[in-house]
Each structure stands twice: as structure tokens, then as C-alpha cells.
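Proteins come first, then strands; the chains are lettered A, B, ... in the order of their sequence lines, and each starts at number 1.
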There are 2 protein chains.
Amino acid sequence: STRGHRLNGSRYVSKTATKSVSEFEYDAPSMKTAVPGPNDIQLCLSPGLQNVGAVHFFCNYEESRGNYLVDVDGNRMLDVYTQISSIPIGYNHPALMKVMTNPNNVSTFVNRPALGILPPENFPDKLIESLLSIAPSGMRRVQTMACGSCSNENAFKTMFIWYRNKERGYANPSEQEVDTCMINQSPGCPDLSILSFMGAFHGRTLGCLATTHSKAIHKLDIPSFDWPIAPFPKLQYPLEEFVRENAQEEARCLEEVEDLIVKWRQKGKPVAGIVIEPIQAEGGDNHASPDFFSKLRNIARKHGCAFHVDEVQTGGGTTGKFWGHEHWGLDDPADVVSFSKKLLTGGYYHRDELKPDKPYRIFNTWMGDPSKNLFLSEVLNVIRRENLLEVVTRSGKALLQGLYTLQTQYPHILSRARGQGTFCAIDACNDATRDSIMIKARNKGLFMGSCGEKTIRFRPALVFKEYHVHQLLNILNDVLAEHK
Amino acid sequence: STRGHRLNGSRYVSKTATKSVSEFEYDAPSMKTAVPGPNDIQLCLSPGLQNVGAVHFFCNYEESRGNYLVDVDGNRMLDVYTQISSIPIGYNHPALMKVMTNPNNVSTFVNRPALGILPPENFPDKLIESLLSIAPSGMRRVQTMACGSCSNENAFKTMFIWYRNKERGYANPSEQEVDTCMINQSPGCPDLSILSFMGAFHGRTLGCLATTHSKAIHKLDIPSFDWPIAPFPKLQYPLEEFVRENAQEEARCLEEVEDLIVKWRQKGKPVAGIVIEPIQAEGGDNHASPDFFSKLRNIARKHGCAFHVDEVQTGGGTTGKFWGHEHWGLDDPADVVSFSKKLLTGGYYHRDELKPDKPYRIFNTWMGDPSKNLFLSEVLNVIRRENLLEVVTRSGKALLQGLYTLQTQYPHILSRARGQGTFCAIDACNDATRDSIMIKARNKGLFMGSCGEKTIRFRPALVFKEYHVHQLLNILNDVLAEHK
């Protein structure tokens with residue numbers, strides 16, 4: 001890590017980057033205007049634009065490369081937000097360009113099938129070489145979906161179906177169940193619940209939203225379900241320095257989980273499943289220990305609830321392992337694991353027992369998109385060939401070390417640096433300071449994301465090298481030095 | 001229509017089809033084995049396959065062309081189901097192949113953006129030339145989404161937000177609302193409802209599913225909302241022959257709608273929106289008259305409910321107009337119109353008043369997929385260039401006329417032929433007969449879909465010509481002649 005702090009960019013790149021990446025990527029940010037620049041401001045006036053309020057800036061994706069995102073004013077930024085953590089191996093990776101120019105692939109893009117009923121000939125093989133090759137421990141089944149919300153919605157449905165089948169002893173549903181479900185009434189539509197955690201984010205469709213508790217703007221005015229919400233541990237960082245305090249806090253939360261499961265069963269709304277992120281992302285990058293997750297998994301088993309790990313943001317290698325929950329070291333960590341973003345397709349894995357008893361219970365028109373699986377296969381090849389999980393681990397250590405150094409240098413501005421792999425975060429003293437740091441950094445060529453109330457989150461692509469870490473830290477250091 | 005019944009395929013095609021289609025399409029079905037054939041049966045044993053129960057057969061999409069779907073045993077079928085009504089202009093249309101081989105488009109496929117925050121430079125223009133160019137009457141705003149369910153979920157949210165903003169007089173939410181919404185409680189998560197109809201299908205995520213009432217298998221075991229469900233008119237066909245009886249039935253349903261709106265308001269669960277399909281599709285191809293929809297629209301306005309027309313299956317030209325609801329002839333037909341399937345991207349249009357008051361209220365990572373918009377632009381070009389709405393109208397007339405003839409010939413087997421454009425259906429005497437007809441037709445090279453309890457639905461692509469209608473009718477006639 002001393003070596004890592006030397007800013008010797010070109011030597012470093014030639015040593016560790018494969019040719020395919022280093023040859024086409026830019027060396028550094030390059031800024032021509034403030035962001036948003038004049039071209040950007042012009043585009044925001046277009047009558048075709050629908051949601052101008054949320055737009056950060058317009059991008060020139062053709063000119064973007066690797067870790068560098070180029071905007072419509074020719075500003076080239078080091079991008080550590082990567083389209084809300086959804087670009088796995090950087091912009092315009094040559095391996096992905098080749099997928100597009102391979103004539104054998106054209107039909108897959110042009111003819112989107114109804115995968116559930118009319119799969120293409122190569123679909124089972126493509127699943128084996130892509131999603132099934134990275135299946136989490138204990139899982140041999142995967143269902144693709146179009147996006148993260150649909151993945152979680154259908155994962156919830158899978159847990160409800162499994163739970164009710166258990167309850168009725170795998171018998172056929174009663175006539176009353178069949179009749180009442182058509183009009184949204186119990187017992188056909190039973191009062192089952194999913195237990196979630198304060199600060200969680202699992203999506204914004206109505207089922208998902210009932211388990212999302214990150215920001216009021218996500219939930220205000222939308223009808224919801226009366227489902228139990230447990231406290232998520234509020235840990236002190238660095239975790240190694242607060243082991244005892246954090247263990248106490250985690251014990252408090254686990255106790256509350258069990259109380260809620262009992263209470264909701266008594267209410268007549270039994271908990272069919274528990275859903276949790278390995279690291280709460282939108283909610284402010286909140287971590288918990290492997291011990292917490294292991295005990296939570298046991299509570300789920302003890303009470304007959306399915307255990308659903310939502311890896312939509314943590315999955316795909318960004319924590320240094322392919323799945324965030326692999327850090328827990330459990331043989332049997334989950335019943336359901338959902339994904340999207342860096343996997344390019346949505347979907348979820350599940351254990352054999354959770355397979356629905358009949359076809360068409362989990363179903364929709366597209367059931368995913370084989371063209372996304374094509375890209376995913378290639379992404380996985382690149383991850384293996386370029387040892388990107390090792391790259392993430394190395395870069396993540398350098399990044400976290402750098403954030404520790406910065407918060408020591410600027411204790412009145414920064415605190416609570418934390419991370420796993422490059423999935424790192426640091427808090428500002430308040431939201432205004434956080435936002436100001438982010439804007440100043442952007443104007444110096446570093447594009448970051450925010451989460452929680454006053455947190456900066458780092459979500460670089462897997463091709464983010466130590467070389468890029470140093471660029472990031474240098475810019476951040478300059479901003480903080482000026483901020484004082 | 002006499003002319004239309006003459007089987008003079010090649011002359012007809014050379015007269016009306018553009019070269020681009022007629023040159024590459026096959027002439028007729030060609031069957032080598034029964035379906036499923038041996039290669040298909042082999043593939044169903046693959047360990048990579050997840051939901052073998054729902055699979056009809058595996059397809060060779062590379063070899064499929066226009067209206068003809070080829071399976072892995074080399075069987076070439078006339079496809080009038082088109083991936084659950086989602087292939088707009090047939091398989092491997094040359095215009096769509098060109099989108100793929102245009103190097104300017106590569107970046108759009110390789111770099112999927114977070115559209116809500118970092119749109120590509122050409123995104124507003126692409127929206128203008130694609131989705132906004134076909135916007136329904138009164139609408140200038142469109143929000144793209146990844147699939148039909150997400151479109152309806154977010155359309156519902158848009159209506160809830162609009163309704164609550166009206167209720168609070170466009171003031172900021174109270175502190176109590178902000179606090180309670182975080183824990184799924186009223187008033188922050190209000191008890192609002194969406195009124196839907198028996199037999200409706202609006203998707204299968206939890207919000208959508210609360211408005212879906214087509215088959216028990218869709219809903220069983222999934223928790224739902226206590227939302228009002230009105231009867232959908234059960235009309236007699238042909239509509240022209242039962243005008244008085246049908247008008248009475250529609251009046252009965254409309255009365256029930258008003259009763260339910262009043263009742264649910266009294267229950268403290270006011271109806272924020274009414275959602276309806278122009279033709280109930282999954283529920284059995286149930287039609288209603290323009291007068292019914294016009295009066296329903298007025299009821300929505302009178303009671304302050306938004307009116308949401310779900311065009312996921314009816315949209316995109318299949319009824320002979322681009323939107324199914326254009327047949328109603330209303331100046332002001334809807335507040336929200338959702339789409340997916342043939343539009344290749346999901347999404348919904350809405351009136352200006354329904355624009356959420358703040359950014360990030362309607363939001364997710366991808367917010368659609370610009371690569372689907374690229375294909376859609378080209379589909380719209382083809383629809384205009386080849387006058388496909390006229391083609392649909394002409395083919396639809398020939399198809400419906402042919403179905404009338406068949407049900408006259410086989411009154412003990414077929415009844416209730418109905419349709420608009422090529423969006424046609426006919427009922428068999430029972431589900432076993434329906435299924436048997438479909439399997440026999442498939443083995444003769446005609447692939448159809450089913451819906452409702454005993455209905456065959458026809459959902460050909462927009463390039464389905466009178467030539468293909470006659471192939472369809474000939475095969476169906478052969479099957480029915482043998483059935484007796």
C-alpha cells in the first residue's frame with residue numbers, strides 16, 4: 001500500500017492492465033468547461049426531454065472509454081458512479097464491441113423471444129456458460145427478468161408460493177382459495193408478509209416498495225402493505241475498532257427481528273421471507289458483520305421464513321468476491337439471491353425447494369432478454385481473463401486506505417470511511433458539504449455518486465485499477481484542500 | 001373480400017408488399033416432424049433449462065423470416081401468436097438487421113445508460129422521432145420503462161401521486177406524511193385504490209396483480225390490495241347483431257363502476273384511477289363498445305379519478321389503428337396510456353397534469369433502454385413506408401370474414417368470432433377441443449395462441465397479408481374438417 005500510493009501511473013498500467021483495456025482507455029480526466037457545459041444546457045431545453053429535474057448531464061457514450069465518461073461538452077471524467085453501479089467492465093470495452101459485430105449474434109438482438117414459452121436453441125447452453133457458471137452456493141436454478149424491481153417482485157412471489165405450499169402440505173388449493181384469489185381476498189390472496197430493514201432499498205414497484213425504507217421521496221403517496229420492518233444495525237467504523245459495540249448493536253437488531261416475526265404471526269400476517277442487502281446501498285452504505293448475517297439466516301430457518309439476499313447492487317464482483325454474501329463464509333447462506341445492474345440482465349437464483357409447483361405461476365412476456373445474456377457471457381470471460389476480482393480487491397484496499405488518510409487529514413469534513421472491495425463510502429459532515437464536494441470534484445474530472453443523508457459512495461467498474469484510485473484520491477484531496 | 005378469398009398468393013404479394021419483405025420471406029409453412037420434434041425433446045432435457053413446463057418448443061430464430069417461425073427441427077410455421085403479441089414486423093426484418101450493422105449504433109447497445117440521470121446526447125431527438133411521434137391524443141409526455149409490468153406499476157404510482165397532490169392542494173407533504181411513509185403507514189402511504197375489471201390482465205408484479213383478474217394461477221398465494229373490481233361487459237357477438245342487449249349489459253357494468261367508486265370512498269380507500277384494456281386480451285378477447293368507454297371516461301372525470309388505458313397488448317397497430325383506444329373516437333380519451341410488447345420498450349404516456357411534482361418520484365436505474373428505442377424508430381419507419389395499418393385493416397377484415405364462415409360451417413365447434421384489425425379471436429365449444437385444434441393446426445404449420453377459458457386468439461405481426469390469412473384459414477379448415 002506504500003507502493004500503491006506512489007503516483008507512477010504509466011508504469012503501473014503497463015504492469016497490470018491487459019493490453020485490451022490499456023490500449024483503448026484514456027490516461028486521465030480532461031475538462032473543457034464546468035459541468036453542465038453549454039451544450040448540455042442547450043439539450044436540457046429540448047422538448048423531447050421528459051424529466052429534466054433528475055438529469056445530471058448528457059453523455060457522449062461513443063467517446064467514453066473504460067473508466068472515463070465523456071459528456072456532450074467534451075469533458076472527460078473519471079467515473080466512479082458507473083450509471084448507478086451498472087457498468088461492469090467500463091465503457092465500450094472491446095470485448096463487448098465484438099459481441100455486436102459478430103454476425104452470429106444479430107438474430108438475438110433483432111428477435112426478442114417470449115423466453116418462457118419459445119426459447120432459442122442456444123438458451124440453455126448460454127445460461128450454463130453465463131448465469132449458472134456463477135451461481136451462488138447451493139443454487140442450480142435461475143430465473144431471468146428484465147430489471148431489478150421485477151426480479152425482487154418475482155422473488156417475493158416465489159417465496160409466497162413456497163410458503164403457502166408448505167402450509168397446505170403441498171395439496172392442491174381449495175376451491176375457496178381459487179375463488180377468493182380472483183377478487184384479491186384471503187385465503188386465496190393470503191395475508192403474508194416480507195420482513196425488511198430500515199434503510200433498505202429493494203426497488204420501487206409496489207411490492208418492492210413495501211420493503212424499501214431509504215428515502216421518503218421513494219414512498220410518499222404510494223399505498224403499501226403492513227409488513228414488518230426491523231432496525232438495521234447502525235455500526236461504528238472502522239469495524240475492527242468497534243467490535244464489541246457493534247456486536248451489541250447487531251444483537252439488539254436480531255432480537256427485534258425475532259420479536260417482529262412472532263408479532264406478525266400473531267397478527268395473522270406471517271413472515272414468508274426476510275429480504276436484506278449484504279451492504280445497504282441507497283440507504284447510506286451500511287455494513288453488518290458476517291456474524292450478523294449468519295445469525296439472521298438461522299433465525300429465518302428457525303421460523304420457517306425464506307431468506308432472500310438482494311445482490312442487485314452488491315453482486316457482480318464489486319466487493320472483491322462475485323457475490324457480496326460470499327464474504328459471510330456460510331455453507332448455506334440463502335434461499336433466494338436476486339441480481340441486476342452489473343449482471344446486465346435482472347433475475348434471481350433460488351434453491352430447488354423454491355421451484356414453483358406449476359408452470360405459469362412465475363411468468364411474463366419476455367422473462368428477461370437473451371441479448372443481455374450474450375453481453376454477460378462476455379463480461380464473465382473478461383472478469384476471468386483479466387483477474388478482475390483481484391484487481392477489485394487490490395484497488396479497493398488502496399481506495400479505502402486513501403479514504404482513511406483523507407478523513408485523518410480532514411476530520412472536520414470527513415468520517416466513517418468504509419468499504420469492501422471498491423464498494424466504498426465516506427460521510428461528509430452534512431449534506432450541503434457532501435453535495436459541494438461532489439460538484440467541485442466533478443468540475444475537476446471526478447464523477448461520484450451519493451447515498452443516504454450525507455454519504456459519498458464509490459461504485460467504480462471492475463476495471464478500476466490502482467492507477468485510477470490515485471487519480472481519484474488526488475482530485476478529492478485537491479477539493480478538500482480548497483474547501484478549508 | 002371476394003377478391004380477398006381467392007388464393008392468388010404470389011400476385012398479391014408482388015402487388016402490395018415492398019421488395020424488402022417479399023424478397024426475404026418464405027412462401028408457406030413447411031413441416032418435417034410433429035411439434036415438438038426430436039431435437040426439441042432432446043433440448044428439454046438440458047440441465048440449463050429452468051421452466052420446462054411452460055416451453056412450447058425451441059426456436060431457430062436465425063432461420064425464421066417474416067410471418068414464419070422455424071423450430072429446432074426445421075419445422076416452419078405460420079406464426080399468428082408472435083411471441084405473445086410482441087413481434088411488430090415479423091422475424092429478421094431487413095430494416096431491423098440494418099440497425100444492428102450500422103456502426104453508429106454499436107455504442108447504444110454496449111453502454112446501457114441510467115437514462116434518468118445521464119441520457120445520451122441523441123435521446124431527446126430519438127424520443128421525438130419514435131415515441132412522441134405516435135403519442136395518443138392529448139399527450140406530450142412519455143416515460144420509458146423496461147417492461148409492461150413496470151410500466152403499469154409506475155403508471156399507477158403516477159396516478160397516486162397526482163391524486164394525493166390534488167387532495168393536499170399541491171402543498172408540501174406534512175411531517176407526519178413524510179414520517180409515516182417510511183414505515184408503510186397512512187397518511188404517508190395512503191389507502192388509495194385502483195379500480196379494475198374482472199377478466200383484466202395488467203401484469204403480475206404485486207401492484208399490477210391487484211388489478212389482474214384473468215386466471216387463478218396468476219394470483220393464487222400472492223398477497224394483494226383490497227381494491228374494487230367491476231364487472232366487464234359480457235357481450236354477444238357479432239356486436240352489430242346484439243346492439244340493444246349489449247348496451248343493456250354495458251349500462252349494468254357502468255352502474256356497478258359508480259357504485260364501487262362511492263363504496264370505496266366511504267370505506268376510506270378512494271379510487272385514484274381506473275385501469276382498463278381497450279380489448280381484454282388474456283381474459284378472453286372481450287370487447288366493449290366506444291359508447292361504454294366514453295361513458296366510463298366521463299365517470300372517471302366526474303369522480304376525480306385518473307383514467308388509465310392499458311395498451312400493452314392492443315397498442316402498436318394490431319387493431320388497424322396505432323392505439324386500440326383510437327377506435328373510440330374521443331377527443332380526450334385518457335389520462336395515462338401504457339404500452340410494451342410491439343413497442344419493444346415498455347413505458348407510458350400521460351397528460352401534463354400527471355407529471356410528478358418532483359424529480360426522483362418516478363425513477364429506477366435504467367428507466368428503459370435506448371437500444372429498444374432504436375429498433376422502435378425503425379419499426380415506425382416500416383409501418384409508415386409499407387402502410388402497415390392499412391394492411392392490418394385489410395387482413396383483419398379477411399380474417400374475421402373467414403372466421404365467420406368457419407363458425408357457420410362448424411357451429412358445433414366454433415362460435416363468437418370477433419375482432420378489430422387482426423386482433424381476432426374465436427371460441428371453441430370447450431377447452432379440450434380448443435387445445436386439440438391448436439395442436440393439430442400446429443402440426444400442419446399454423447401456430448396460434450389461446451386466452452380465456454376456450455378461446456383461440458390471433459395475434460399476427462403487422463406484416464400479415466391477405467395471402468397469409470388464406471393460408472391460416474385453409475389450415476384451420478382442414479383441421480376442423482378432420483375434427484368432425
J.: Answer yes or no: is there a side-chain heavy-atom contact under 4.5 Å between A:F109 and B:V99?
T.: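 No, too far: nothing below the 4.5 Å cut-off.
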J.: For the interface with chain B, which of A:F57, A:Y81, A:Y91 has the highest count of heavy-atom pairs at distances below 4.5 Å?
T.: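 Of A:F57, A:Y81, A:Y91, A:F57 has the most heavy-atom pairs under 4.5 Å with chain B.
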J.: Have a look at A:P223 and tell me which of B:D191, B:L192, B:D226 forms a side-chain contact (heavy atoms from CB on, under 4.5 Å) with it.
T.: B:L192
J.: A:F375 versus chain B, heavy atoms under 4.5 Å apart: side chain, backbone, both or neither?
T.: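 Side chain only.
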J.: Relative to chain A, which of B:N104, B:N92, B:L132 shows the most heavy atom pairs under 4.5 Å?
T.: B:N92
J.: At a 4.5 Å cut-off on heavy atoms, which part of B:V312 comes close to chain A: side chain, backbone, both, or neither?
T.: neither
J.: Where on A:T205 is there a heavy atom nearer than 4.5 Å to chain B: the side chain, the backbone, both, or neither?
T.: both
J.: Taking side chain as C-beta onward, heavy atoms only, is B:V110 less than 4.5 Å from A:M97?
T.: yes
J.: What pairs meet the side chain to side chain donor-acceptor pair (under 3.5 Å) rule with one or both residues in residues 359-372 of chain A, with sequence neighbours excluded?
T.: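 Only A:D357-A:R361, A:R361-B:D221, A:T365-B:K341, A:D369-A:S371, A:D369-B:K372, A:K372-B:D369 qualify under side chain to side chain donor-acceptor pair (under 3.5 Å).
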J.: For the interface with chain B, which of A:A272, A:P173, A:P124, A:C150 has the highest count of heavy-atom pairs at distances below 4.5 Å?
T.: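 So the answer, after comparing A:A272, A:P173, A:P124, A:C150, is A:P124.
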J.: Which atom pair, heavy atoms only, marks the closest approach of B:R204 to A:K157?
T.: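 Reported closest heavy-atom pair: O-NZ, 2.9 Å.
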J.: Taking all atoms of both residues into account, what is the closest heavy-atom pair of A:I87 and B:R112, and its distance?
T.: CD1-O, 3.7 Å
J.: Can you say whether B:L96 sits under 4.5 Å from chain A via the side chain, the backbone, both, or neither, judging by heavy atoms?
T.: both
J.: If I measure from the heavy atoms of chain A, does B:L344 come under 4.5 Å with its side chain, its backbone, both, or neither?
T.: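 Only the backbone of B:L344 comes within 4.5 Å of chain A.
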J.: Need one label for B:E167: side chain, backbone, both or neither, based on atoms under 4.5 Å from any heavy atom in chain A.
T.: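 For B:E167, there is no contact with chain A at all, as no heavy atom is under 4.5 Å.
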J.: Taking side chain as everything from C-beta outward and backbone as N, CA, C, O, which of these in A:I161 sits under 4.5 Å from a heavy atom of chain B? Side chain, backbone, both or neither.
T.: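 When you check distances to chain B, atoms from both the backbone and side chain of A:I161 fall under 4.5 Å.
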J.: Treating A:E153 as the side-chain partner and B:L206 as the backbone partner, does any N or O pair qualify as donor plus acceptor under 3.5 Å?
T.: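 Side chain of A:E153 to backbone of B:L206: a pair is present.
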J.: Looking at every non-hydrogen atom in both residues, tell me the closest pair between B:P359 and A:A54 and how far apart they are.
T.: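 Nearest heavy atoms, B:P359 then A:A54: CB-N, 3.7 Å.
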J.: Hey, which of B:M367, B:K215, B:K355, B:K126 has the most heavy atom pairs under 4.5 Å with chain A?
T.: B:K215
J.: Could you walk me through whether B:L43 and A:F123 satisfy the side chain to side chain contact (heavy atoms under 4.5 Å, CB included) test, starting with their C-alpha distance in whole Å, then the side-chain angles of each, then the deciding distance to 0.1 Å, before giving a yes or no?
T.: CA-CA 10 Å; B:L43 273 166; A:F123 186 64; over 6 Å; no
J.: Any side-chain to backbone donor/acceptor pair from A:Q83 onto B:P113? Under 3.5 Å, distance only.
T.: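 Not at all, since once roles are kept as given, no pair shorter than 3.5 Å links the two residues.
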J.: Which bit of A:Y163 is near chain B, if near means a heavy-atom gap under 4.5 Å: side chain, backbone, both or neither?
T.: neither
J.: Applying side chain to side chain contact (heavy atoms under 4.5 Å, CB included), name anything that partners A:A210, two or more places apart in sequence or on another chain.
T.: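 Side chain to side chain contact (heavy atoms under 4.5 Å, CB included) check on A:A210 returns A:S224, A:F225, A:W227, B:N184.
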J.: In terms of heavy-atom proximity below 4.5 Å to chain A, should B:S214 be classed as side chain, backbone, both, or neither?
T.: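 Contact with chain A: backbone only.
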J.: For residues A:M182 and B:H213, report the shortest heavy-atom separation together with the two atoms involved.
T.: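 The answer is O-ND1, 2.9 Å.
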J.: Given that the side chain runs from C-beta out, which part of B:R140 has a heavy atom under 4.5 Å from chain A: side chain, backbone, both or neither?
T.: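 The backbone, not the side chain.
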J.: Please report the shortest heavy-atom distance between A:C189 and B:I222, naming the atom on each side.
T.: CB-O, 3.3 Å
J.: Hey, which of A:L220, A:T180, A:L69, A:I84 has the most heavy atom pairs under 4.5 Å with chain B?
T.: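 Ranked by heavy-atom pairs under 4.5 Å with chain B, first place is A:L220.
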J.: A:G207, A:P120, A:S46, A:C147: which one forms the most heavy-atom pairs within less than 4.5 Å of chain B?
T.: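 Most pairs with chain B among the choices: A:P120.
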J.: So which part of B:I128 gets closer than 4.5 Å to some heavy atom of chain A, the side chain, the backbone, both or neither?
T.: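 Looking at B:I128, just its side chain touches chain A.
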J.: Answer with side chain, backbone, both or neither: which region of A:M198 has an atom nearer than 4.5 Å to a non-hydrogen atom of chain B?
T.: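 Contact with chain B is through the side chain of A:M198 alone.
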J.: Would one find more than 12 heavy atoms of other residues, nucleotides or ligands at under 6.0 Å from atom NZ of B:K98?
T.: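 Counting other residues, nucleotides and ligands, NZ of B:K98 stays at 12 neighbours or fewer.
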J.: Between chain A and each of B:S149, B:S85, B:P187, B:A114, count heavy-atom pairs under 4.5 Å; write down the option with the most.
T.: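 Looking at each of B:S149, B:S85, B:P187, B:A114 in turn, B:A114 comes out on top.
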J.: If I measure from the heavy atoms of chain A, does B:P119 come under 4.5 Å with its side chain, its backbone, both, or neither?
T.: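 For B:P119, heavy atoms of backbone and side chain both lie under 4.5 Å from chain A.
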J.: I need the residue from A:V178, A:I229, A:V72, A:L118 with the largest number of non-hydrogen atom pairs under 4.5 Å to chain B.
T.: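 Heavy-atom pairs under 4.5 Å are most numerous for A:L118.
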J.: Say you draw a straight line from NE2 of B:H218 to CD1 of A:I362; how long is it, rounded to the nearest 0.5 Å?
T.: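 So the gap between those two atoms works out to 11.5 Å.
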J.: When heavy-atom pairs shorter than 4.5 Å are enumerated against chain B, which of A:A146, A:P190, A:G90 gives the highest number?
T.: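 Highest number of heavy-atom pairs under 4.5 Å: A:P190.
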J.: Is there a side-chain contact between A:N111 and B:E62 in this structure, where contact means two heavy atoms from C-beta onward sitting under 4.5 Å apart?
T.: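 A:N111 does not reach B:E62 side chain to side chain.
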J.: Does any heavy atom of chain B fall under 4.5 Å from the side chain of A:I117, the backbone, both, or neither of them?
T.: both
